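The structure under discussion appears below in the form of structure tokens.
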2 protein chains.
Amino acid sequence: MLDDMARPIPETHAEILAAAARRFSVTGFKGTSLQDIAREVGCSKAAVLYHFANKEAILTELMAPAISALEALDARLAPLTGDAARSAAITDFVELAVRFRREISLLHSELPELLQQPAFEPIQRRTERLLDALAGRSEQPADRIAPLMVCAGVAAACAEFGELPDDELGPALVTVATRALGHPTP
Amino acid sequence: MLDDMARPIPETHAEILAAAARRFSVTGFKGTSLQDIAREVGCSKAAVLYHFANKEAILTELMAPAISALEALDARLAPLTGDAARSAAITDFVELAVRFRREISLLHSELPELLQQPAFEPIQRRTERLLDALAGRSEQPADRIAPLMVCAGVAAACAEFGELPDDELGPALVTVATRALGHPTP
DNA sequence: TCAGGTGCTGACCGATCGGTCAGATCGTGC
DNA sequence: GCACGATCTGACCGATCGGTCAGCACCTGA
């Protein structure tokens, strides 16, 4: 009764990931049910839970590449200070944001609660260190406003202008971010 | 059995609003149940629904002042063009964002789906017109990146640095926003 | 004294959630 | 032909969701 059509490749795992990414970015993580994902894939909810231990595991696997890229960026910035840290942080962060813009748009909503989950603790810690680099290692609250605005602005722009080609979106973001962070002179 | 303690003022309505604002900003709209709100207020879930028609009505009433302020800002910016529109948009939007930073932090998460609701359609329309003013009425996609980044950055900074005094947060935001939007030199 | 409105409660409703489970189907190696 | 693991299904579970409802306590004015 199930031999309705050819089932050439059982790459359901990847299909579930893709469908979940699509749904999460539209209706959010909490706003997307396993039923929704299963419907979009064209399988049963039980099939989704056959490929993934639970709902959170889908999100975790979806974000894994972006998280490890963020960790690599953090390691690269760690030894730098001052303007060197700032300029490297700008270009490298923008490059990362553009590359993983889909993942960013997933987390862009529901940030506060989702990041609470232990699986995403690396994101929170590395983001703080990225802000640190963007602030030129300054710890003055006033110096932290611009970096935060830059991070949020880049994330929002990546989510909003996701259809723009990388080599158009990236340089524009670098330009605005550099301007926003002000004269890197002294 | 209910005469347990003095019940001087039945201002439960306002208490529900305050509790909902606190919970929404932490766990989001969908992530907060009526039970959560009732527990924080110290009343029953039925009491919450006695004061508000439904869950969405709480959010709507919570956002009403901010929405009308945004509409007033839009009306003020409408006749302006070019750099006049841009500079007015910067200062007035920042002032509005600082004043309603709590409401902004509510909507900051779950934006994509929440704004879909008819009650918040004004927000979406006015925000687009605000971006229009910030872009100096340009419709080039590249000119729209910086304004979007500014809006998102201001919103994020308001949500993050909510404890800073207005007269410290506001000018800092104006400075960064002006820089990000580039030389407004006429 | 008592009628009536306000504020609120506990019990309950149907729907939906994430997740489990026994078993059906299918391809493959022996 | 057959055992077996991988894949997947429908039925089902308890929990929780937003929302409803009958009724109780309390206050106030007639």
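Because the structure is predicted, anything quoted here is derived from the model rather than measured. Naming convention: chains lettered A, B, ... in sequence-line order (proteins, then strands); numbering from 1 in each chain. Side chains included, hydrogens not; waters and symmetry mates left out as well; all remaining heavy atoms used.
Residues satisfying the side-chain contact (heavy atoms from CB on, under 4.5 Å) criterion with A:L49, sequence neighbours excluded, are A:L34. A:F100 is linked by a ring pair (Phe, Tyr, Trp, His ring centres under 6.0 Å) to nothing, counting only residues two or more places apart in sequence or in another chain. Residues satisfying the ring pair (Phe, Tyr, Trp, His ring centres under 6.0 Å) test with B:Y50, not counting sequence neighbours, are none. A search for side-chain contact (heavy atoms from CB on, under 4.5 Å) contacts involving A:A84 returns nothing, not counting sequence neighbours. Not counting sequence neighbours, the partners of A:T32 by the side-chain contact (heavy atoms from CB on, under 4.5 Å) test are A:R23, A:F24, A:T27, A:D36, A:I37.
Following rounding to the nearest Å, A:L49 (CG) and D:dA11 (P) show an atom-to-atom distance of 17 Å. For the pair B:K55 NZ and D:dT16 P, the computed distance is 15 Å after rounding to whole Å. Put simply, CZ on A:R23 is 11 Å from P on C:dC17, counting in whole angstrom units. We find that NZ of B:K30 is positioned 12 Å from P of C:dC17, with the value rounded to whole Å. Computed from coordinates, the A:Q35 CD to D:dT16 P distance equals 20 Å when rounded to whole Å.
The side chain of B:Y50 has C:dG7 as its nearest neighbour among C:dT9, D:dC8, C:dG7. In this structure, the nucleotide among C:dG19, D:dT20, D:dG18 sitting nearest to the side chain of B:S33 is D:dG18. You'll find that the side chain of B:L34 is closest to D:dG18, out of D:dG18, C:dT20, C:dT9.
In this pair, A:H51 and A:H13 present their aromatic rings perpendicular. The plane angle is above 60°, beyond the 30 to 60° band.
Dashed line: the shortest gap from a side-chain N or O of B:H51 to OP1 or OP2 of C:dT6 is not under 4.0 Å. In terms of phosphate contacts, A:T12 brings no side-chain nitrogen or oxygen within less than 4.0 Å of OP1 or OP2 of D:dT7.
The side-chain heavy atoms of A:R102 and A:L62, taken from C-beta on, include a pair separated by under 4.5 Å.
Comparing B:A47 and A:N54, the nucleotide of DNA chain C nearest to each residue sits closer to the 5' end for B:A47.
The stretch residues 37-46 of chain A touches DNA chain D through A:C43, A:S44, A:A46, each having a heavy atom within less than 4.0 Å of the strand.
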